[in-house]
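Quick notes on the structure that follows.
Here is the naming used below: chain letters follow the sequence lines, and residue numbers restart at 1 for every chain.
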Amino acid sequence: MPMQLYNTLTRKKEPLVPQDPSRITFYTCGPTVYDDAHIGNFRSFLAADLLRRWLESPLCELMTESGETHAGPRVVRHIMNITDVGHMTDDDVADGGGEDKMQAATKRLLEQKKAGASHIGEVDPNDPRQIADFYAERFLEDARALGLKVALEANESEAKRRELMPKATESIDGMRGMIEDLASKGFAYRAGDAVYFDVQKYDRYGELSGNTLDKIRSGAGGRVADEHTAEKHSPADFLLWKADASHLMRWPGPVIGGEAVGEGYPGWHIECSVMARAALGDVIDLHSGGEDNIFPHHECERAQSCCATGNDTFARHWFHGRFLQVEGEKMSKSKGNFFTARDLFAQGHEPAAVRLELIKTHYRTNANFTQQGLKDSARTVTRLRKIVEEGETNPGDPTDTGVLEAFGRAMQDDLNIAEAIGVLGAWRHSIEKPTSGDAEIAKQIDRVLGLLGLAQSESTETEIGEYQDGITPDPEIESLLAKRAEARKNKDFATSDAIRDELAGKGYAIKDVAGGKVEVSRK
RNA sequence: GGCCGUGUGCCCGAGUGGACUAAGGGGGCGGAUUGCAAAUCCGCUAUUCGUGGGUUCGAAUCCCACCGCGGCCUCCA
């Protein structure tokens with residue numbers, strides 16, 4: 001059974017049929033780097049990463065255009081852009097008002113700097129390019145820590161990074177070119193300082209999101225402001241270029257109808273059309289993003305790309321992940337349930353646990369990120385690691401060969417990761433003593449899950465303690481551990497238990513491990 | 001208001017018409033082990049699938065209505 005994958009465009013599960021099944025083209029809308037990416041962002045990027053890893057797996061079978069089955073492994077050319085251009089908060093505002101994201105970041109960073117925050121280091125909060133570069137670098141670090149394959153590949157060299165994780169600011173010429181091309185073909189027009197895409201010229205506008213121009217016009221959300229739209233042909237027309245000499249980030253504008261539109265900045269959809277085409281060609285196999293990207297971003301991107309290339313199809317298959325909630329609630333800074341990946345690492349959670357917690361819920365349901373879940377995930381990772389470590393020292397055949405097939409069957413069905421992990425649990429249960437064959441199976445499964453290669457949290461050893469979760473040994477803990485060891489030696493268990501309780505009160509869990517040492521971890 | 005998705009045990013989550021007397025993980029309980037814990041291992045832990053109707057020989061699974069939750073309807077993964 002070839003792999004089935006839900007396609008946002010057709011609103012149903014259907015076989016993924018790439019143009020060339022041995023080499024799949026995949027574009028993912030990446031982060032806007034005006035702040036650290038949060039775990040919701042990463043859930044979406046990790047869903048794309050999991051899909052990519054699955055497609056590359058020898059276990060994955062795809063349908064070809066002629067209806068045959070194509071067995072893996074295969075190559076996935078995966079591109080993830082980095083948006084480092086600020087965008088107007090409101091592109092309807094014709095008079096240059098509104099606030100740019102990078103400008104908003106500047107404001108925030110200035111405030112933080114005043115308040116004494118040091119994490120921004122030498123960055124000049126008044127320079128949007130420095131801000132973007134700073135956060136882009138941090139994004140890449142986090143992405144690598146979480147095992148995002150595209151970020152690992154991009155790390156090989158600056159050339160690779162430009163190729164696989166292009167920045168919008170590196171593609172301004174291409175954007176200008178596509179805007180001019182769209183205008184010359186009659187799909188775009190100039191109105192005052194702006195160039196707009198003429199949605200009425202593209203009759204498939206709305207197919208992806210299920211919107212119609214009618215509904216957009218009468219949108220009860222009340223967000224289609226009309227007083228500024230007089231210059232547009234349709235209220236749904238969207239910005240391709242905005243001339244604005246006051247904008248901090250600005251570039252020479254396109255030439256429309258022989259006249260140069262002034263210096264300014266591109267609209268926020270055009271970059272992906274340009275970068276996807278440059279890296280992957282006119283028609284791509286797969287395109288992913290968060291569910292909020294469906295409209296307007298991907299709808300607009302599709303319109304631009306199809307009109308520019310003259311093809312009916314831009315992306316053959318659209319893949320969108322649902323949002324992440326935290327402890328059952330919408331994630332928000334005011335609720336205090338807003339986490340970046342590095343927040344969690346700093347709390348001592350290992351990247352593999354964070355990764356598993358973020359990928360273990362089916363991408364098309366709202367996931368609930370919880371502290372308990374993070375603990376469960378950490379345990380699952382430890383167990384998987386153990387199978388490999390113990391198995392490698394015990395030569396032998398696999399205990400059960402059916403597990404790969406069952407795991408694969410689950411993944412083939414629209415990336416049913418939860419069932420796949422269920423299969424893994426039952427498999428682990430059936431193993432009494434892991435063999436080298438079992439270790440091989442675990443490793444093959446992990447090439448899809450991407451957990452075992454990630455950095456383990458540092459443990460620091462002292463004479464009596466093994467400190468986990470990045471805990472730094474300090475004299476107070478050390479002396480308590482020493483006292484407890486002494487008490488245990490004298491069989492004074494009342495004292496020894498009291499010390500354990502005291503440490504628990506300070507937030508540390510301890511356990512006695514082989515060799516007479518005590519493992520100290522966070523409670 | 002429109003569109004899209006979703007609602008399964010104490011919790012997270014599989015299952016999408018008959019092998020469901022509903023995976024897997026966590027938690028809890030009991031046992032082995034341990035000075036006691038931790039970890040590990042063994043056993044137990046939903047006659048029931050948001051609510052109410054309907055279709056069917058048969059429904060968690062299909063249909064309708066209602067309720068709850070989430071997303072989009074020109075910043076947003």
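- Distance A:Asn366 CG to B:G70 P: 9 Å, rounded to the nearest Å.
- Note on A:Gln325: only backbone sugar-phosphate atoms sit closer than 4.0 angstrom, heavy atoms only; bases stay farther off.
- Comment: A:Arg409 does not engage A:Asp413 in a salt bridge, judged by the lack of any side-chain N to carboxylate O separation of less than 4.0 angstrom.
- Taking atom P in both B:U48 and B:G9, one finds a spacing of 12 Å when rounded to whole Å.
- Distance OG1/A:Thr8 to NE2/A:His320: 5.0 Å, rounded to 0.5 Å.
- Stems are defined here as 3 or more consecutive Watson-Crick or G-U wobble pairs with pairing distances under 3.5 Å; those involving RNA chain B are B:1-7 with B:67-73, B:10-12 with B:24-26, B:27-32 with B:40-45, B:50-54 with B:62-66.
- Between the C1' atom of B:U74 and the NZ atom of A:Lys242 lies a distance of 15 Å, rounded to the nearest Å.
- Residue contacts for A:Arg488: at a heavy-atom cut-off of 4.0 Å it reaches a base atom on one of the strands shown.
- Computed from coordinates, the A:Arg428 CZ to B:G24 P distance equals 11 Å when rounded to whole Å.
- Side-chain contact annotation: A:Gln200 with A:Ser234, donor-acceptor N/O pair under 3.5 Å absent.
- Side-chain proximity of A:Lys386 to the nucleotides B:U74, B:G25, B:A39 is greatest for B:A39.
- Look at the P atom in both B:G26 and B:A65: the space between them is 41 Å, to the nearest Å.
- Taking the C1' atoms as reference points, B:G5 lies 31 Å from B:U47, given to the whole Å.
- At a threshold of 4.0 angstrom between heavy atoms, the contacts of A:Lys375 with the nucleic acid are absent.
- Ring geometry for A:Tyr189 against A:Tyr196 counts as tilted: the plane angle lies between 30° and 60°, on a 0 to 90° scale.
- Nucleotides B:C10 and B:C66 are separated by 28 Å at their C1' atoms, to the nearest Å.
- Of the C1' atoms belonging to B:U51 and B:U8, the separation is 15 Å, rounded to the nearest Å.
- On the P atoms, B:G17 is 14 Å away from B:A59, given to the nearest whole Å.
- Of the residues near RNA chain B, A:Arg484 and A:Val423, the one whose nearest nucleotide (by heavy atom distance) lies more toward the 5' end is A:Val423.
- If you check every strand for non-hydrogen atoms under 4.0 Å, A:Arg43 touches nothing.
- An OP1 or OP2 oxygen of B:G26 is reached within less than 4.0 angstrom by a side-chain nitrogen or oxygen of A:Arg383.
- Distance A:Leu374 CG to B:C11 P: 20 Å, rounded to the nearest Å.
- Note on A:Gly422: a base of the nucleic acid sits closer than 4.0 angstrom, heavy atoms only.
- When atom types are taken as modelled, the side chain of A:Ser44 and the backbone of A:Gly40 share no donor-acceptor pair closer than 3.5 angstrom.
- Looking at heavy-atom distances under 4.0 Å, A:His429 makes contact with sugar-phosphate atoms alone, never a base.
- In this structure, A:Arg11 does not reach the B:G5 phosphate: none of its side-chain N or O atoms is under 4.0 Å from OP1 or OP2.
- Of the charged side-chain nitrogens involved, none lies within less than 4.0 Å of a carboxylate oxygen, so that A:Asp49 and A:Lys149 do not count as a salt-bridged pair.
- Straight-line distance from the CG atom of A:Asp376 to the C1' atom of B:G27: 9 Å, rounded to whole Å.
- Here the side chains of A:Phe369 and A:Thr361 are not in contact, with every heavy-atom distance at 4.5 Å or above.
- One interatomic measurement links the two molecules: CG of A:Asn490 to P of B:G35, which rounds to 16 Å at whole-angstrom precision.
- Heavy atoms of A:Leu324 sit under 4.0 angstrom from at least one base atom.
- If you check B:G25, B:A37, B:A77 against the side chain of A:Asp512, the one that comes closest is B:A37.
- Between A:Asp512 and A:Arg500 no salt bridge is recorded (no basic side-chain N to carboxylate O distance below 4.0 Å).
- Comparing B:G7 with B:A77, their P atoms sit 26 Å apart, to the nearest whole Å.
- In this structure, A:Phe45 forms no aromatic stack with the base of B:A77, since the conditions of centre separation below 5.5 Å and plane angle below 30° are not both met.
- Ranking B:C73, B:G15, B:A77 by closeness to the A:Pro296 side chain, first place goes to B:C73.
- Nearest nucleotide to the A:Thr361 side chain, out of B:G15, B:G13, B:G70: B:G13.
- Across all strands shown, A:Asn368 has heavy atoms under 4.0 Å from sugar-phosphate atoms exclusively, and none from any base.
- The only option from A:Trp241, A:Tyr205, A:Phe238 that meets the ring-ring contact (aromatic ring centres under 6.0 Å, His included) definition with A:Phe197 turns out to be A:Phe238.
- Taking the side chain of A:Lys511 as heavy atoms from C-beta on, and the options B:U74, B:A37, B:C36, the nearest nucleotide is B:A37.
- Whole-Å rounding puts the A:Asp414 CG to B:A14 C1' distance at 14 Å.
- At the heavy-atom level, A:His320 lies nowhere under 4.0 Å from the strands shown.
- We find the OH-CZ distance between A:Tyr363 and A:Arg322 to be 9.5 Å, quoted to the nearest 0.5 Å.
- Checked by distance alone, A:Arg500 brings a side-chain donor or acceptor within 3.5 Å of a matching partner on the base of B:C36.
- Taking atom CZ on A:Phe238 and atom P on B:U74, their separation rounds to 14 Å, with Å as the unit.
- A cation-pi contact, defined as under 6.0 Å to the ring centre and within 45° of the axis, links A:Arg364 to A:Tyr6.
- Across all strands shown, A:Thr8 has no heavy atoms under 4.0 Å from either base or sugar-phosphate atoms.
- Sequence order on RNA chain B of the closest nucleotides to A:Asn416 and A:Gly40 puts A:Asn416 first from the 5' end.
- Rounded to whole Å, the C1' atom of B:G27 lies 38 Å from the corresponding atom of B:C63.
- When heavy atoms are screened at a 4.0 angstrom cut-off, A:Tyr6 is found touching the sugar-phosphate backbone but no base atom.
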